[in-house]
Amino acid sequence: ALAGIGFANVLIFMQLGFSSALFDGVTRIHDRLKGDLFLVSKRSRYLGDRGFPRSHLYQAAAVDKVATARPFYYALSGWRNPENRQFENVGVIAFNPAQPIFDLPEVQQQLAQIKIPDTVLFDRLSQTTLGPVPEMLSQGKRVTSEILQRKVTASGTFSLGGTLFKSGHVITSDWNYLRIFGKDSLDNIQVGVIAIEPGADIQTVQTNIKRSVPNEILVLT
């Protein structure tokens with residue numbers, strides 16, 4: 001009887017773990033984006049799948065009662081484990097440090113770090129396959145790695161967590177994102193983060209933005 005109950009409990013906790021990884025894991029980034037409205041491509045099935053031209057964000061920025069329209073960049077790439085030199089999947093998050101849009105106090109306190117060329121912040125909740133980066137940083141060691149064959153330095157950590165599809169995340173500036181992914185990477189954004197002016201009606205602004213951007217863009221609350 002004890003073995004049967006114990007086995008059932010193990011299965012339940014395994015299923016809860018899978019549920020957390022599948023549903024909570026894939027929305028962690030969405031939950032931490034600071035904005036009132038969000039622009040995404042209608043063809044995008046998940047974050048990082050398909051972006052849209054940055055020019056559409058400028059169209060939204062020109063709409064009355066829009067306070068700011070900020071780009072959010074996201075890409076899946078390879079991270080070289082600094083210990084065994086093996087590559088693992090990692091999500092690369094980027095934005096303009098002068099216009100922070102990520103609601104994580106740890107990141108807000110380290111915005112000056114990601115302005116440094118080829119510097120990233122490392123997710124301490126990443127899987128161990130990415131390497132013992134948090135431990136190395138806590139010991140005062142210099143941590144260098146590679147993303148898409150470009151050498152980068154991890155200067156700090158934050159807490160977010162990975163998913164079943166990626167082992168963890170790193171955060172950097174939009175200019176470092178440009179250095180990693182090439183000259184056209186900043187023209188293709190994954191999410192446009194819109195903040196509206198205080199007292200403005202969000203549904204009215206949403207409707208006006210929909211009229212200003214192409215039909216291929218979704219305007220979401």
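Any value given below was found using the heavy atoms of this structure, including those in side chains, with hydrogens, waters and symmetry copies removed.
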Locate the shortest heavy-atom distance separating [X] from [Y]; write the atom from each residue and the value.
| X | Y | answer |
| --- | --- | --- |
| Pro97 | Asp174 | CD-OD1, 3.9 Å |
| Asn81 | Pro132 | OD1-CD, 4.4 Å |
| Ala61 | Ala69 | CB-CB, 3.7 Å |
| Arg70 | Pro100 | NH1-O, 3.1 Å |
| Arg32 | Arg28 | NH1-O, 3.0 Å |

With a 3.5 Å distance limit and no angle check, can you tell me whether [X] reaches the backbone of [Y] through a side-chain donor-acceptor pair?
| X | Y | value |
| --- | --- | --- |
| Glu88 | Ser167 | no |
| Thr172 | Thr119 | yes |
| Asp187 | Pro53 | no |
| Asn176 | Ile116 | yes |
| Gln108 | Phe102 | yes |
| Lys42 | Asn215 | yes |
| Ser41 | Phe52 | no |

Exercise for review: Determine, step by step, whether Leu39 and Leu218 satisfy the side-chain contact (heavy atoms from CB on, under 4.5 Å) criterion, reporting the C-alpha distance in whole Å, the side-chain angles of both residues, the deciding distance to 0.1 Å, and the verdict.
Suggested key: CA-CA 6 Å; Leu39 309 185; Leu218 291 175; over 6 Å; no
Once you round to the nearest 0.5 Å, how far does [atom1] of [X] lie from [atom2] of [Y]?
| X | Y | atom1 | atom2 | value |
| --- | --- | --- | --- | --- |
| Arg179 | Ile147 | CZ | CD1 | 13.0 Å |
| Arg43 | Ile217 | CZ | CD1 | 8.5 Å |
| Ile180 | Leu148 | CD1 | CG | 8.0 Å |

Going by heavy atoms in the side chains, are [X] and [Y] under 4.5 Å from each other?
| X | Y | result |
| --- | --- | --- |
| Gln206 | Thr221 | yes |
| Lys115 | Gln110 | no |
| Tyr73 | Arg54 | yes |
| Ile93 | Val170 | no |
| Ile202 | Leu37 | yes |
| Ile29 | Leu160 | yes |
| His169 | Phe158 | yes |
| Ile194 | Leu57 | yes |

If you count the non-hydrogen atoms of other residues, nucleotides and ligands that lie under 6.0 Å from [atom1] in [X], is the total more than 12?
| X | atom1 | answer |
| --- | --- | --- |
| Asn9 | CG | yes |
| Gln139 | CD | yes |
| Arg142 | CZ | no |

Exercise for review: Please report the C-alpha distance between Leu130 and Phe122 in whole Å, then the side-chain angles of each, then the deciding distance to 0.1 Å, and finally whether the side-chain contact (heavy atoms from CB on, under 4.5 Å) criterion is met.
Suggested key: CA-CA 10 Å; Leu130 294 184; Phe122 185 85; 3.8 Å; yes
Exercise for review: Decide yes or no on side-chain contact (heavy atoms from CB on, under 4.5 Å) for Ser155 and Leu121, but give the supporting numbers first.
Suggested key: CA-CA 6 Å; Ser155 65; Leu121 302 179; 3.9 Å; yes
Exercise for review: Could you verify whether a donor N or O on one side chain and an acceptor N or O on the other, from Arg50 and Ser44, lie under 3.5 Å apart?
Suggested key: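 Arg50 vs Ser44: no donor-acceptor pair found between side chains.
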Review point. Would you say the side-chain atoms of Arg80 and Ser145 include a donor-acceptor pair closer than 3.5 Å?
Key: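 No, no side-chain donor-acceptor contact under 3.5 Å.
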Point to revise | Partner of Ile196 under side chain to side chain contact (heavy atoms under 4.5 Å, CB included), chosen from Ile209, Asp36, Asp64, Val63 | key: Asp36
Review point. So which of Val191, Leu47, Ile189 actually passes side chain to side chain contact (heavy atoms under 4.5 Å, CB included) with Tyr74?
Key: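 Of the listed residues Val191, Leu47, Ile189, the side chain to side chain contact (heavy atoms under 4.5 Å, CB included) partner of Tyr74 is Leu47.
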Honestly curious: do [X] and [Y] fall in one hydrophobic cluster under the side-chain, below-4.5 Å linking rule?
| X | Y | result |
| --- | --- | --- |
| Val90 | Leu178 | yes |
| Leu33 | Val40 | yes |
| Tyr177 | Val152 | yes |

Practice item. Could you walk me through whether Arg124 and Glu106 pass salt bridge (charged side-chain N to carboxylate O under 4.0 Å, His left out), step by step? Key: CA-CA 11 Å; Arg124 71 168 61 89; Glu106 293 173 297; 2.5 Å; yes
Review point. Can a salt bridge be assigned to the pair Asp118 and Arg150 using a cut-off of 4.0 Å between side-chain N and carboxylate O?
Key: yes
Exercise for review: Output, in order, the C-alpha distance, side-chain angles, deciding distance and verdict of side-chain contact (heavy atoms from CB on, under 4.5 Å) for Phe181 and Val92.
Suggested key: CA-CA 10 Å; Phe181 296 104; Val92 181; 4.0 Å; yes
Check your understanding: Checking ring-ring contact (aromatic ring centres under 6.0 Å, His included) for the pair Phe95/Phe72: CA distance, chi angles, key distance, verdict?
Key -> CA-CA 5 Å; Phe95 52 85; Phe72 176 82; 7.3 Å; no
